[in-house]
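Input: a single structure, listed below in structure tokens.
These values consider heavy atoms only, across backbone and side chains, with no hydrogens, waters or symmetry-generated copies. Throughout, protein chains are lettered first and strands after them, A, B, ... in sequence-line order, and every chain is numbered starting at 1.
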There are 2 protein chains.
Amino acid sequence: MERRIRIKDIAEKAGVSTGTVDRVIHKRGNVSPKTKQKVKQVMEELGYEPNIIASMLAYNRVFKIAALLPDYHVDPYWQQPKIGIDKAIESIKHYGVEVIPFYFNLFKAEEFSQQANNILDQSKEFSGVLLAPLFLKEASELLKQCSEKHIPTAMINTNIENSESLCYIGQDSYQSGVLAGRLIDFGCDKVDTTLVLNLAKGVTNAKHLLDKERGFRDYFNSLPEKEITVLKKDFEDFTDDAKLSRFLKTIFEQHPKTTGIFVTNSRAYRIAKCLQLIGKKEVKIVGYDLLEENLQYLRSNDISFLINQNPVQQGYFGIMNLVNHLLLKKEIDPLQYLPLDIVVNENVEYYLKRALEFSIVV
Amino acid sequence: MERRIRIKDIAEKAGVSTGTVDRVIHKRGNVSPKTKQKVKQVMEELGYEPNIIASMLAYNRVFKIAALLPDYHVDPYWQQPKIGIDKAIESIKHYGVEVIPFYFNLFKAEEFSQQANNILDQSKEFSGVLLAPLFLKEASELLKQCSEKHIPTAMINTNIENSESLCYIGQDSYQSGVLAGRLIDFGCDKVDTTLVLNLAKGVTNAKHLLDKERGFRDYFNSLPEKEITVLKKDFEDFTDDAKLSRFLKTIFEQHPKTTGIFVTNSRAYRIAKCLQLIGKKEVKIVGYDLLEENLQYLRSNDISFLINQNPVQQGYFGIMNLVNHLLLKKEIDPLQYLPLDIVVNENVEYYLKRALEFSIVV
DNA sequence: TTTTTTTGTGTGTACGAACACAAAAACAAA
DNA sequence: TTTGTTTTTGTGTTCGTACACACAAAAAAA
């Protein structure tokens with residue numbers, strides 16, 4: 001390999017000092033137009049690429065990134081993005097990057113706002129913000145403020161479109177609904193009625209849930225040969241098995257031909273449990289996420305499919321994108337959809353293992 | 001964040017010079033036992049972690065890695081691992097790592113050997129070897145030689161067990177066969193006969209193909225309630241549509257209840273094409289890999305499922321593992337199974353996109 | 001014209017680790 | 001004690017970049 005071009009090489013060839021080249025590279029000004037021109041030309045000619053290693057060493061500054069996430073004590077799902085964030089920290093700690101988490105209760109918008117304000121109060125501290133913008137209004141405000149302060153933001157889990165965020169990393173909710181439709185459809189010869197079930201507290205106007213439903217409906221609408229009814233229900237008190245069982249029973253009484261249930265979040269296991277309680281066996285369930293509770297029913301085939309949202313990767317890539325932007329000044333793809341993994345009993349182990357072990361330490 | 005501990009800090013606290021600390025860290029010897037003891041103790045106490053950035057910069061040496069792979073002009077599948085390797089190169093070029101490819105015709109063991117010898121001839125040049133050990137005997141020999149020369153090796157695609165290789169990155173062939181069984185089974189209510197089809201030239205004693213078949217059979221054997229026949233056929237002249245069509249026709253005549261075909265490599269599209277030619281529509285096909293030819297039939301639902309072997313990731317992680325081992329002296333997991341992704345029409349786009357875009361540049 | 005300010009350029013040190021070489025200490029043999 | 005040899009320890013330079021500082025020349029203000 002030919003020797004890599006250094007600033008010194010450029011300086012020599014352009015007949016200036018390294019300081020001047022440095023000024024051109026970093027746009028620090030105070031360079032006469034024609035010197036600047038000359039330096040740029042030589043850089044082009046020699047194909048200069050900065051040595052990031054040396055650059056990082058000399059730069060010698062700490063980047064702080066704030067991470068605004070749901071408290072995983074309230075919903076265990078959120079442990080997973082945190083695992084990814086921790087992996088990212090591990091990968092990049094040598095670059096002097098620090099991540100400070102801020103947690104909120106995912107059912108309480110005001111807690112989100114409060115933590116957002118905490119971040120904004122210390123905003124001079126932070127070079128970047130990673131967030132799960134679960135609350136549209138509150139998150140939009142934070143994104144706006146950050147944008148004004150020129151602090152780049154990365155969103156995971158939920159996408160707020162038209163925000164001035166650096167990027168979104170997560171799933172395509174609409175398409176995951178389409179996929180759920182396909183999976184329900186695939187296993188049943190004679191699908192007649194399917195149920196979209198939303199187990200969440202509070203009025204969930206959450207856009208990503210509506211997108212899932214829309215995708216699901218569109219899948220069945222796209223099948224001209226079949227005539228399938230798609231029901232949609234919300235149920236709030238999902239921690240109460242008795243109530244939920246009664247609720248399901250009522251549905252089966254009203255719609256006896258219901259052969260598939262699509263649970264739009266990670267709580268499919270609650271449905272699987274209640275179906276066992278009320279003795280319904282032939283109903284297919286499709287849900288999300290590889291929580292231990294779900295896996296149990298996946299292994300016993302009471303849940304047919306789980307769609308993996310790659311939560312660990314969301315956290316990991318969220319941080320990595322901010323770092324790539326801040327430190328390496330890389331161009332960042334604003335919309336990064338992670339794959340919609342179809343998980344069954346026979347391939348689940350690899351996803352679990354990868355979630356724990358993957359990480360590219362460099 | 002508290003300041004990170006430097007060699008200088010250790011030296012001061014231990015009352016020695018940085019040179020001595022350096023000698024202890026790198027086990028260069030020539031340190032009196034009690035000084036060594038003292039330095040080690042202080043390192044422990046302060047929790048020293050080397051600054052990799054500074055270390056890399058000072059190290060200032062080029063690592064060369066040889067990559068022994070099938071020529072992708074012969075089989076387009078092999079473009080994909082190459083893409084991953086190129087991504088890895090991009091990610092780590094700043095660390096002074098170079099990758100030199102050596103190609104062989106995947107149908108010719110002697111070409112493999114020849115290239116292996118080329119690598120061994122220049123073995124002083126290479127700090128590591130990445131290889132796809134398609135030929136058991138020839139590859140084992142190479143692995144043995146590398147081991148003797150203390151050159152670490154990483155295997156992708158095919159695993160040679162009990163070799164002294166640093167690691168294997170790829171799929172679990174047996175389990176992918178099990179998964180294929182599940183997928184064939186899932187879509188058909190009344191499976192009766194299924195066919196395992198091996199489209200390859202030469203006598204394919206390839207272990208990973210046998211493992212796939214074994215997994216497939218085991219899946220159906222594990223279903224006590226169903227009585228399913230699993231046929232196994234090899235067919236060499238798969239580029240000749242007419243011959244292949246005739247071959248398939250014969251099979252359907254002999255086994256009219258064949259409802260699913262499991263193609264054990266990336267050539268499922270040839271079967272899909274011939275089934276169209278002979279007008280068989282109701283037969284499910286499960287195959288491997290997201291080749292353009294396969295995708296076409298996946299989109300038209302003539303191929304039901306493709307199992308993604310993550311070939312891009314294989315190349316990427318193969319290189320990254322060598323780098324982690326060589327440069328960062330990380331502990332490497334010797335057996336790294338990549339997920340068995342189930343790919344259908346509704347989620348294929350994300351896998352294609354990720355294969356092209358993923359990469360963690362740091 | 002002199003003084004002050006602005007602009008342009010070069011020099012030197014720091015970042016933390018690696019390693020070559022010099023110096024000092026310890027030991028051995030005369 | 002001296003000299004030579006080996007072992008142990010310390011010093012100084014290097015890697016490529018960032019940035020502070022020094023200093024000149026040019027421009028603007030007095």
Side-chain angles (χ1 to χ4, degrees), chain A residues 1-40 42-43 46-63 93-97 326-329, chain B residues 1-40 42-43 46-63 92-97 127 326-329:
Chain A
M1 187 164 80
E2 339 73 54
R3 214 184 179 313
R4 291 196 55 190
I5 304 299
R6 300 161 303 170
I7 286 185
K8 205 175 164 187
D9 301 318
I10 297 168
E12 273 167 25
K13 184 142 188 203
V16 295
S17 72
T18 59
T20 300
V21 177
D22 179 75
R23 274 182 286 267
V24 172
I25 290 173
H26 292 90
K27 302 185 176 122
R28 294 195 218 281
N30 290 329
V31 182
S32 72
K34 76 169 185 295
T35 315
K36 189 169 169 179
Q37 179 51 38
K38 175 72 185 167
V39 169
K40 280 193 165 174
V42 174
M43 273 172 53
L46 300 184
Y48 173 71
E49 285 192 59
N51 182 325
I52 303 185
I53 300 298
S55 172
M56 299 294 339
L57 182 62
Y59 192 65
N60 197 38
R61 214 160 63 179
V62 173
F63 278 105
K93 61 175 181 208
H94 307 107
Y95 293 86
V97 179
L326 290 167
L327 272 71
L328 311 184
K329 284 138 184 53
Chain B
M1 188 164 79
E2 337 73 53
R3 215 187 179 313
R4 289 197 56 190
I5 303 300
R6 302 161 301 172
I7 283 186
K8 208 176 161 186
D9 301 318
I10 297 168
E12 272 167 26
K13 184 141 189 204
V16 295
S17 71
T18 60
T20 301
V21 176
D22 179 75
R23 270 182 289 267
V24 172
I25 291 173
H26 292 90
K27 303 187 177 120
R28 294 195 218 282
N30 289 329
V31 181
S32 73
K34 77 168 184 294
T35 317
K36 188 168 170 182
Q37 179 52 34
K38 175 74 184 164
V39 170
K40 280 192 165 174
V42 173
M43 275 172 55
L46 300 184
Y48 174 70
E49 284 192 59
N51 182 324
I52 301 186
I53 300 297
S55 173
M56 298 295 338
L57 181 62
Y59 193 66
N60 197 38
R61 214 159 65 178
V62 174
F63 279 104
I92 50 166
K93 63 176 179 207
H94 306 108
Y95 293 86
V97 178
S127 316
L326 289 167
L327 273 70
L328 311 184
K329 282 138 186 51

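- DNA chain D is contacted by both G29(B) and E49(A); G29(B) maps to the nucleotide lying nearer its 5′ end (nearest heavy atom per residue).
- Going from atom CD1 of I53(B) over to atom C1' of dA18(D) covers 15 Å, rounded to whole Å.
- R23(A) contributes no side-chain N or O that, together with a main-chain N or O of V31(A), makes up a donor-acceptor pair within less than 3.5 Å.
- T20(A) has a side-chain polar atom (N or O) that falls below the 4.0 Å cut-off from OP1 or OP2 of dG10(C).
- Remark: the backbone N or O of E49(A) is paired with a side-chain donor or acceptor of R4(A) at under 3.5 angstrom.
- For I7(B), the side-chain atoms get nearest to dA18(C) when compared with the rest of dT11(D), dT9(C), dA18(C).
- Y59(B) has its OH atom 24 Å from the P atom of dT13(D), to the nearest Å.
- Rounded to whole angstrom, the span from the CD atom of Q37(B) across to the P atom of dT9(D) amounts to 13 Å.
- Close to dT9(D), at under 4.0 Å from its OP1 or OP2, lies a side-chain N or O of T35(B).
- If you measure from atom CD1 of I5(A) to atom C1' of dG16(D), you get 13 Å, rounded to the nearest angstrom.
- The NZ atom of K27(A) sits 16 Å away from the C1' atom of dA18(D) (whole-angstrom rounding).
- In this model, the phosphate group of dG16(C) is not approached by any side-chain N or O of R4(B) to a distance below 4.0 Å at OP1 or OP2.
- Within the structure, a side-chain polar atom (N or O) of Y48(B) is placed less than 4.0 Å from OP1 or OP2 of dA17(C).
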Passes side chain to side chain contact (heavy atoms under 4.5 Å, CB included), Y48(A) versus I25(A)? Steps please.
CA-CA 10 Å; Y48(A) 173 71; I25(A) 290 173; 3.8 Å; yes
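- Residue N51(B) has its side chain nearest to dA17(C) when only dA17(C), dG12(D), dC19(D) are considered.
- Residue N60(A) is in sugar-phosphate contact alone, with no base atom involved, counting any heavy-atom pair closer than 4.0 Å across all strands shown.
- The shortest side-chain heavy-atom distance between K38(A) and T35(A) does not fall under the 4.5 Å cut-off.
- Nearest nucleotide to the side chain of L57(B), out of dC15(D), dT9(D), dA18(C): dC15(D).
- Here dG16(C) is the nucleotide among dG16(C), dC19(D), dT9(D) with the atom lying nearest to any side-chain atom of A58(B).
- Close to dT7(D), at under 4.0 Å from its OP1 or OP2, lies no side-chain N or O of S32(B).
- Residue-level contact check: N30(A) touches the bases, meaning some heavy atom is under 4.0 Å from a base atom.
- Separating the CG atom of D9(A) from the P atom of dC15(D) is a distance of 11 Å, rounded to the nearest angstrom.
- Not a single donor-acceptor pair under 3.5 Å links the side chain of N60(A) to the backbone N or O of L57(A).
- The NZ-P distance, from K8(B) to dG16(C), rounds to 9 Å in whole Å.
- Counting distance only, with no hydrogens placed and no angle test, the side-chain atoms of R23(A) and the base atoms of dG10(C) include a donor-acceptor pair under 3.5 Å.
- Here dC21(C) presents its C1' atom at 14 Å from CG of D22(B), a figure rounded to the nearest Å.
- Contact record, H94(B) with I53(A): O-CG1, 3.6 Å, taken as the closest heavy-atom pair.
- Between R28(B) and dC19(C) there is a side-chain N or O to OP1 or OP2 distance below 4.0 Å.
- Between S17(A) and the phosphate of dT9(C), there is no side-chain N or O to OP1/OP2 separation shorter than 4.0 Å.
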